[in-house]
Amino acid sequence: MKETTVDKILGHPLNAWYVAAWDHEVNRKPLARTVAKRPLALYRTEDGDAVALADACWHRLAPLSMGKLEGRDGIRCPYHGILYNSAGRCVSMPAQETINPSATVASFPVVERYRFVWVWLGDAALADPELVPDMHQMDDPEWAGDGLTISVQCNYQLVLDNLMDLTHEEFVHSSSIGQEALSESEFTVHHDERTVTVERWMLGIDAPPFWLKNMRDKFPGFEGKVDRWQIIHFESPTTINIDVGVARAGTGAPQGDRSQGVNGYVMNTISPVTDRSSLYFWAFMRNYRLESQVITTQLRDGVSGVFREDEDMLVAQQAAIDANPDYEFYSLNIDAGGMWVRRLIERQLAAEGRLPAPLAAG
Amino acid sequence: MATSHAAVWQRATVLDTTALTDHIRRIVLAPDHPATVDAGAHIDVRVPIGGVPDRRSYSVVDDGPDGRSLAISVLDSPRSRGGARAMHALRPGDTIEITQPIVDFPLRVGAAHYVLLAGGIGITAVMGMARVLRSVRADYTLVYAGRSRPALAYLEQLQSAHGDRLRLHISDEGTPLDVTELVGGVEPGTELYLCGPIRLMDAVRRAWIERELPYPDLRFETFGNSGWFAPEDFVVRIPRIGAEVTVRATETMLEALEAAEVDLMFDCRKGECGLCEVRVLDLDGDIDHRDVFYSERQKDSRGAMCCCVSRAVAPPGGTAVVSIDIS
Ligand code: FES
Ligand code: FES
Ligand SMILES: [Fe+2]
């Protein structure tokens, strides 16, 4: 087997939890979302349980997401009125006295965790909630923050690549978090079966504007050099939580004393939609000034602006990939983290018997 | 999901066949296009009956890695319509046409409790489900009912795989299945998956409705090949077009009418959709309703029948004749 391909359009594992929506998006009005090429109708039962049904009626495949919720856990097809329960079983066929026993739509396993609704589109017998990636900062009382969703027109793996190598900050995000020290500093990479970690420290540098503001939120009037860190934690197949921060230079942050600094976690989890589109769910969480809603909003809006710069680049990159089908990817040493991510994903695809991935346009 | 509803035909080679009981053979096939098999899947098979290809459905009992092989088990009883005989005659190296696995009887993982109920050869439809439920450590009971111990296929294998979760009911050992007791003991939140002869299915359905359990939690699969009476020849008349056709015991009414070039509509061919309905104008004898499309009320009225599965049965000492009109 050829390991670590640089396929430009990477297939996605199916035996995995992907975020379909924020918890607040799933309610008593059906929501249409596509995850891993599977259109879903998402809703909540009267008991508050999130439900993910295939968004195509058994009868003539009309989208159930256009239908109405009925009773404790039902949804009625908007076309000829078949009523389904949350298990996807037909409960009533309006035009006949009986129910066809094969009338079902797929009901996918759902877990609500870390403010997200996660769905499992592969083999339901393997859908272990323990496999939901760790994003505990999302709803841990020690952390505060908020985030948004980006619907980005590119293969999900391009987003993972983007997050696994942050030297791009110097060029893409020069006005907020970029600085030369990023591409000049050393980094280390570690991996195991499900995770990849990339760690980078920049010691005794000037704080870029974003971090200077954060330092001053915690230490009013702060001036001086900082030690800056970025520790990228990837968890298979598409979650990347980045431990970021700066501390007053020389106060021991690299040794573990972060008390003289500010610490954030950039939470990212990417759901493939099609081969060329993805849903990118993110949040910026912090562990200082938890009481300040102003800071929550400022950070969310600030990071949102930074991520718009990434989105522009990713969309342009995907367009260039598609416009140059005869050109391949080459690698740099900064791609080490991203290449380990590819290898873990490819092993999972191989285990599912899905390599080489059938890659139709879409 | 690897398995789909659509029938995609392919060739398969017979790898092995073994007798499991006096009347049941296990047949292992290597499909040309392997696909993973979900619990509750069946394949359709084209079998030649008297030189004419016909279609039969068989549950997939188990499968090899990545679906490169799959096993079915076929009961040849005096009541079968001839397909089973042809299947029993298969030998290693023979090739047949089969569909990719089709799932019309999906297992849903996540219910609080499960009862899997098999009557006789119906075990083939629920064995894969039992395997999945065991592997996800679900709370399930596998109930296996039959006439005699030697007639129960896969018995030892099931005993060692499911231990206490397997409950046996064997009529000639004095432990027949009591449907009322079984359904009466079902805990709320239970899904019951059922495959067996029509009498068993009917009894369970009645008991389920009686106890006012949620109807969608009763899951069953029927291939429409089990009736209240043994199949026999009968005559169909269609006065409006002046047709008269004899339906042989070995063919369905729909097949006989098709062979006579009567233009009929159908879809599922297993008594579920109701598209093959014919209106009954006159009847000498009775109707053996083998479908699950009509309600009891509709069946009792004898005003129409699903000709893909249902049959006429003779009055005492005669031949059944049914006069129908078609759409
Ligand atoms: S398409 Fe849904 S009931 Fe017809
Ligand atoms: S064809 Fe569907 S019930 Fe006969
Ligand atoms: Fe970026």
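Quick caveat: nothing in here was measured; it's all calculated off a predicted structure.
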Atom [atom1] of [X]: over 12 foreign heavy atoms under 6.0 Å:
X     : atom1 : result
A:E25 : CD    : yes
A:Y79 : OH    : no
A:K68 : NZ    : no

Given heavy-atom pairs under 4.5 angstrom as the criterion, report whether the side chain, backbone, both or neither of [X] touches chain A.
X      : answer
B:F220 : both
B:E221 : neither
B:V132 : side chain

- Query: When only pairs under 4.5 Å are counted, which of B:V109, B:L133, B:L218 shares the most heavy-atom pairs with chain A?
  - Reply: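 Max contact count across the listed options: B:V109.
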- Select, from B:P216, B:A111, B:C268, the one with the greatest count of heavy-atom pairs under 4.5 Å involving chain A.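 That would be B:P216.
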- Measure the CD-NZ distance between A:E97 and B:K299 for me, rounded to the nearest 0.5 Å.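 These two atoms lie 11.5 Å from each other.
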- Query: CG/A:N100 to CG/B:D104 distance, rounded to the nearest 0.5 angstrom?
  - Reply: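 Going from the CG atom of A:N100 to the CG atom of B:D104 covers 8.5 Å.
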- Task: Taking all heavy atoms of A:T98 and all of B:S295, pick out the closest pair and write down the distance.
- Result: CG2-N, 3.5 Å
- State, to 0.1 Å, how close A:P101 and B:E272 come at their nearest heavy-atom pair, and which atoms those are.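 In terms of heavy atoms, the two residues are closest at CG-OE2, 3.5 Å.
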- Task: For B:R108 and A:T104, run side chain to side chain contact (heavy atoms under 4.5 Å, CB included): C-alpha distance rounded to whole Å, both residues' side-chain angles, the deciding distance at 0.1 Å, then the answer.
- Result: CA-CA 11 Å; B:R108 184 183 71 110; A:T104 57; over 6 Å; no
- Any idea which of A:A127, A:A87, A:G353, A:A124 has the most non-hydrogen atom pairs under 4.5 angstrom with chain B?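 Looking at each of A:A127, A:A87, A:G353, A:A124 in turn, A:A87 comes out on top.
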